[in-house]
Amino acid sequence: QHLLALEPAEAFDHPEIMIKLIHGTNQPYKAGHEVFWSGYFHILPTLDEFPDVTQEGKSWVVRAEGRLVSAAISVRQNRVSHEVYVETRTDFRGKGYGRQVAAAWASQVMNQGRVAFYSYMYGNHPSAALAASLGVSWYADVVGFE
């Protein structure tokens, strides 16, 4: 059996088949127990959605109290799409900074004519709330292999 011949349901419902097919140098990501929610931005964020954000190199950031408190950057990308990684310092969460940096990032990606993706591990409730607040639309549940 070949990886490309698998039906999607077979790949998700029977991860042992996937493990057997990719055994060797490729292993399930973090033992294969994580499932990710993946979505895409379908509404272009407007400039007023990220007033505290600046671009530093390839990152969109918020600085507060003299330090970097939130950042967004593309972690996977190709000529048609990018996926965002967002991080906010624990002591600055709940202030909207993560939303701002993600919106700024998505605005740039979408203005380049690319698809902007956002993913999070199921059970990460703050990340799920962030995706919802940004209006990100679900497109797939994903199990990653490395």
Side-chain angles (χ1 to χ4, degrees), residues 3-15 17-19 21-22 25-146:
L3 186 60
L4 295 176
L6 284 179
E7 294 293 323
E10 206 175 3
F12 276 96
D13 296 339
H14 301 285
I17 294 172
M18 294 290 296
I19 292 167
L21 289 174
I22 64 170
T25 60
N26 298 310
Q27 295 298 318
Y29 181 70
K30 293 188 179 176
H33 297 123
E34 288 82 12
V35 177
F36 295 84
W37 181 99
S38 291
Y40 63 95
F41 288 77
H42 60 92
I43 300 169
L44 179 67
T46 58
L47 290 174
D48 63 334
E49 292 183 69
F50 43 94
D52 301 317
V53 177
T54 58
Q55 187 174 10
E56 294 183 11
K58 295 181 179 186
S59 299
W60 291 94
V61 304
V62 171
R63 291 187 173 276
E65 299 176 13
R67 55 191 168 152
L68 179 67
V69 299
S70 188
I73 190 167
S74 294
V75 288
R76 279 177 278 288
Q77 60 195 29
N78 60 31
R79 60 182 177 76
V80 295
S81 65
H82 286 235
E83 185 174 17
V84 70
Y85 172 77
V86 178
E87 186 169 353
T88 302
R89 288 179 56 99
T90 309
D91 49 334
F92 284 89
R93 292 182 182 163
K95 299 178 186 290
Y97 296 144
R99 186 185 194 291
Q100 285 191 51
V101 296
W105 170 88
S107 178
Q108 180 187 44
V109 170
M110 294 171 77
N111 279 319
Q112 293 172 345
R114 295 181 171 125
V115 178
F117 288 111
Y118 183 100
S119 300
Y120 61 85
M121 189 169 43
Y122 273 107
N124 184 340
H125 303 297
S127 198
L130 177 57
S133 79
L134 289 161
V136 175
S137 295
W138 175 87
Y139 83 93
D141 292 330
V142 177
V143 176
F145 291 83
E146 51 185 23

- request: Could you walk me through whether Tyr85 and Arg76 pass the side-chain contact (heavy atoms from CB on, under 4.5 Å) test, one step at a time?
  value: CA-CA 9 Å; Tyr85 172 77; Arg76 279 177 278 288; over 6 Å; no
- For the pair Asn111 and Leu44, evaluate side-chain contact (heavy atoms from CB on, under 4.5 Å) and give the outcome as yes or no after the intermediate values. CA-CA 8 Å; Asn111 279 319; Leu44 179 67; 3.8 Å; yes
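Pairing each heavy atom of His42 with each of Gly135, the nearest pair is NE2-O, 3.0 Å. Contact record, Tyr120 with Ala131: CE2-CB, 4.0 Å, taken as the closest heavy-atom pair. When every heavy atom of Ala72 is checked against every heavy atom of Ala102, the shortest pair comes out as CB-N, 4.1 Å. In plain terms, the two heavy atoms of Asp91 and Arg67 that are nearest each other are OD2-NH2, 3.3 Å. Looking at every heavy atom in both residues, Val101 comes nearest to Ser70 through CG2-OG, 3.4 Å. Here the closest heavy-atom approach between residue Ala103 and residue Glu49 is recorded as CB-CB, 4.4 Å.
Here the NZ atom belonging to Lys58 is positioned 9.5 Å from the NE2 atom belonging to His82, to the nearest 0.5 angstrom. With values rounded to the nearest 0.5 angstrom, Ser107 atom OG is found 10.0 Å from Gln112 atom CD. Rounding to the nearest 0.5 Å places CH2 of Trp105 at 10.5 Å from OH of Tyr118. Note that OG of Ser119 and CG of Asn124 are 11.5 Å apart. Values are rounded to the nearest 0.5 Å. Atom CD of Gln108 and atom CZ of Arg114 lie 9.0 Å apart (nearest 0.5 Å). Rounding to the nearest 0.5 Å places CD of Glu83 at 13.0 Å from CD1 of Ile73.
Annotation: side chain of Phe41 is in contact with side chain of Leu134 (closest heavy-atom distance under 4.5 Å). With a 4.5 Å cut-off on side-chain heavy atoms, Leu130 and Arg99 count as touching. Within the 4.5 Å cutoff, the side chain of Tyr97 has no heavy atoms near those of the Arg89 side chain.
The one candidate from Thr88, Val61, Val53 that meets the side chain to side chain contact (heavy atoms under 4.5 Å, CB included) condition with Gln100 is Val53.
Aromatic ring centroids of Tyr139 and Phe117 lie under 6.0 Å apart.
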